[in-house]
Amino acid sequence: MTALPAGSPSGPVMAHTDAARTHSLLGAVRGRTELLAAHGRELAKIADGRDVWFPTFNYGFLRTRHYSVDDDPSQVGAINESVRQQGGWRTSTPVFNFTGTGGAPVDLDAAADVVLPFDARSPFGQCAQHDGTVLWYGAEISTGTILHYAEWAAGGPLYRYDKDFVGRIERGTESREVTLRYHVRPMEKVLEYDWPRITADLVSAGILRDLVGPVRWAPARDLVEFWVDRMTADPLYLLDTESREWVEPALERLGRRFELEDYEAKA
């Protein structure tokens with residue numbers, strides 16, 4: 001496996017993975033345990049000594065209002081879940097948490113009462129600020145959740161609204177109440193991003209780059225700055241045509257960003 005090239009960012013690697021699409025990179029490896037271990041070795045070769053941060057997102061908190069740092073499985077891939085099961089670190093943020101190898105992001109949500117999962121303090125913000133890399137190890141470009149940090153950095157997406165989810169975080173014998181506040185899609189509305197165009201723009205700008213086979217990467221800072229620049233020029237830049245056709249007139253009627261009360265009753 002090819003490592004990230006010389007001159008690429010030296011900070012942490014945020015790895016989005018898809019074991020099925022990268023199986024061909026491993027050669028003659030059989031058995032689930034052996035396959036996952038081989039993927040881990042390949043990712044370590046790519047990172048070439050860098051810390052690797054794997055999303056272990058678990059969306060159950062939005063329904064159950066409970067997040068067990070120790071026990072809730074990752075819902076974003078077998079590779080990421082296998083890293084979590086190895087018993088290393090895991091961040092405290094409900095839903096949008098990470099595990100990994102090497103050093104961990106600063107876990108500023110470990111003591112926060114209100115958690116903002118995409119702000120500058122988040123792992124997404126830390127990856128961009130600390131010369132990190134976003135890696136798609138077979139995963140679709142649309143899995144790059146750092147885009148939501150770019151939306152926050154651009155001033156907050158006009159076409160989403162903030163919503164609070166109050167629940168509990170448990171780690172070991174400790175339990176505490178938190179409020180997860182993040183920008184959600186309008187209820188019962190189509191809101192999709194134009195990923196083919198977004199991807200083509202990133203490739204054209206020289207930001208999204210191929211490594212080997214279905215593996216691609218981008219410097220996190222450049223990626224975020226590119227999206228922020230585009231959203232500054234056109235706040236609806238990310239949206240596909242169908243979404244934009246209803247969002248634009250709705251925003252014009254309101255004269256402001258969407259709010260929760262526009263699309264659902266306030267709890």
Side-chain angles (χ1 to χ4, degrees), residues 1-58 72-91 93 96-105 107 122-124 126-147 149 195 198-199 202-203 206-224:
M1 176 61 71
T2 304
L4 288 169
S8 57
S10 59
V13 175
M14 184 172 287
H16 301 277
T17 68
D18 186 329
R21 294 189 66 221
T22 48
H23 179 78
S24 61
L25 300 176
L26 303 182
V29 180
R30 296 291 183 269
R32 178 181 174 84
T33 301
E34 291 75 14
L35 282 168
L36 291 173
H39 282 303
R41 291 192 294 270
E42 295 305 305
L43 284 157
K45 291 176 186 176
I46 291 171
D48 195 22
R50 298 169 178 84
D51 300 333
V52 186
W53 300 349
F54 294 88
T56 47
F57 301 167
N58 184 300
D72 282 357
S74 168
Q75 296 175 331
V76 287
I79 296 172
N80 302 38
E81 173 63 2
S82 71
V83 176
R84 184 195 72 83
Q85 290 177 349
Q86 291 170 21
W89 54 265
R90 190 182 192 186
T91 58
T93 311
F96 301 102
N97 42 77
F98 287 81
T99 191
T101 60
D107 192 0
S122 70
F124 306 103
Q126 292 181 51
C127 185
Q129 295 159 23
H130 298 159
D131 199 29
T133 295
V134 182
L135 179 75
W136 291 270
Y137 182 76
E140 299 291 342
I141 302 305
S142 59
T143 60
T145 322
I146 197 170
L147 176 138
Y149 165 63
W195 282 107
I198 293 167
T199 301
L202 291 171
V203 171
I207 294 172
L208 180 62
R209 311 169 197 186
D210 294 329
L211 188 63
V212 61
V215 182
R216 309 176 91 174
W217 66 281
R221 182 181 291 113
D222 293 349
L223 183 66
V224 169

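Each residue takes its place number in the sequence, starting with 1.
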Not counting sequence neighbours, which residues clear salt bridge (Lys or Arg N to Asp or Glu O under 4.0 Å) with R21? List them please.
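Salt bridge (Lys or Arg N to Asp or Glu O under 4.0 Å) check on R21 returns E140.
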Mind checking what makes salt bridge (Lys or Arg N to Asp or Glu O under 4.0 Å) contact with D18, not counting sequence neighbours?
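Testing D18 for salt bridge (Lys or Arg N to Asp or Glu O under 4.0 Å), a comparison that skips the adjacent residues, returns none.
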Can you tell me how far the [atom1] atom of [X] sits from the [atom2] atom of [Y], to the nearest 0.5 Å?
X: H23; Y: H39; atom1: NE2; atom2: NE2; answer: 7.5 Å
X: E42; Y: T2; atom1: CD; atom2: OG1; answer: 9.5 Å
X: I141; Y: L223; atom1: CD1; atom2: CG; answer: 9.0 Å
X: S74; Y: I79; atom1: OG; atom2: CD1; answer: 10.5 Å

Side chains of S8 and R50: is there a donor and an acceptor less than 3.5 Å apart?
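Yes, a side-chain donor-acceptor pair sits under 3.5 Å.
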List in chain and number order the residues that pass side-chain contact (heavy atoms from CB on, under 4.5 Å) with A37, two or more places apart in sequence or in another chain; answer none if no residue qualifies.
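side-chain contact (heavy atoms from CB on, under 4.5 Å) check on A37 returns R41.
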Mind checking what makes side-chain contact (heavy atoms from CB on, under 4.5 Å) contact with E34, not counting sequence neighbours?
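Checked E34 against side-chain contact (heavy atoms from CB on, under 4.5 Å); matches are V29.
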May I ask you to test the [X]-[Y] pair for a side-chain heavy-atom distance under 4.5 Å?
X: L43; Y: V52; value: no
X: P123; Y: D107; value: no
X: W217; Y: P5; value: yes
X: L211; Y: I46; value: yes

Return the set of residues passing side-chain hydrogen bond (donor to acceptor under 3.5 Å, both in side chains) with [X] (not counting sequence neighbours), or none when no residue passes.
X: Q75; value: none
X: R90; value: T56, Y67, N97
X: D48; value: none
X: T91; value: none

To check you understand the geometry: which heavy-atom pair defines the closest contact between [X] and [Y], and what is its length?
X: G144; Y: W136; value: N-NE1, 3.7 Å
X: P55; Y: V76; value: O-CG2, 3.3 Å
X: F96; Y: T93; value: O-CB, 3.6 Å

Ignoring hydrogens and angles, write down the donor-acceptor pairs under 3.5 Å from the side chains of residues 9-17, residues two or more places apart or on other chains.
residue	atom	partner	partner atom	Å
S10	OG	D131	OD2	3.3
H16	ND1	T143	O	3.2
T17	OG1	N80	OD1	2.4

Pairs touching residues 75-88 that satisfy salt bridge (charged side-chain N to carboxylate O under 4.0 Å, His left out), sequence neighbours left out:
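For residues 75-88, and leaving out neighbouring residues, the salt bridge (charged side-chain N to carboxylate O under 4.0 Å, His left out) pairs sorted by first residue read E81-R84.
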Sequence neighbours excluded, which residues qualify as ring-ring contact (aromatic ring centres under 6.0 Å, His included) partners of F98?
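With neighbours one apart ignored, the set is F57, F124.
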Within the distance-only criterion (no hydrogens, no angle test), does the side chain of [X] pair as donor or acceptor with the backbone N or O of [Y] below 3.5 angstrom?
X: R216; Y: R209; answer: no
X: D222; Y: I207; answer: no
X: W89; Y: G102; answer: yes

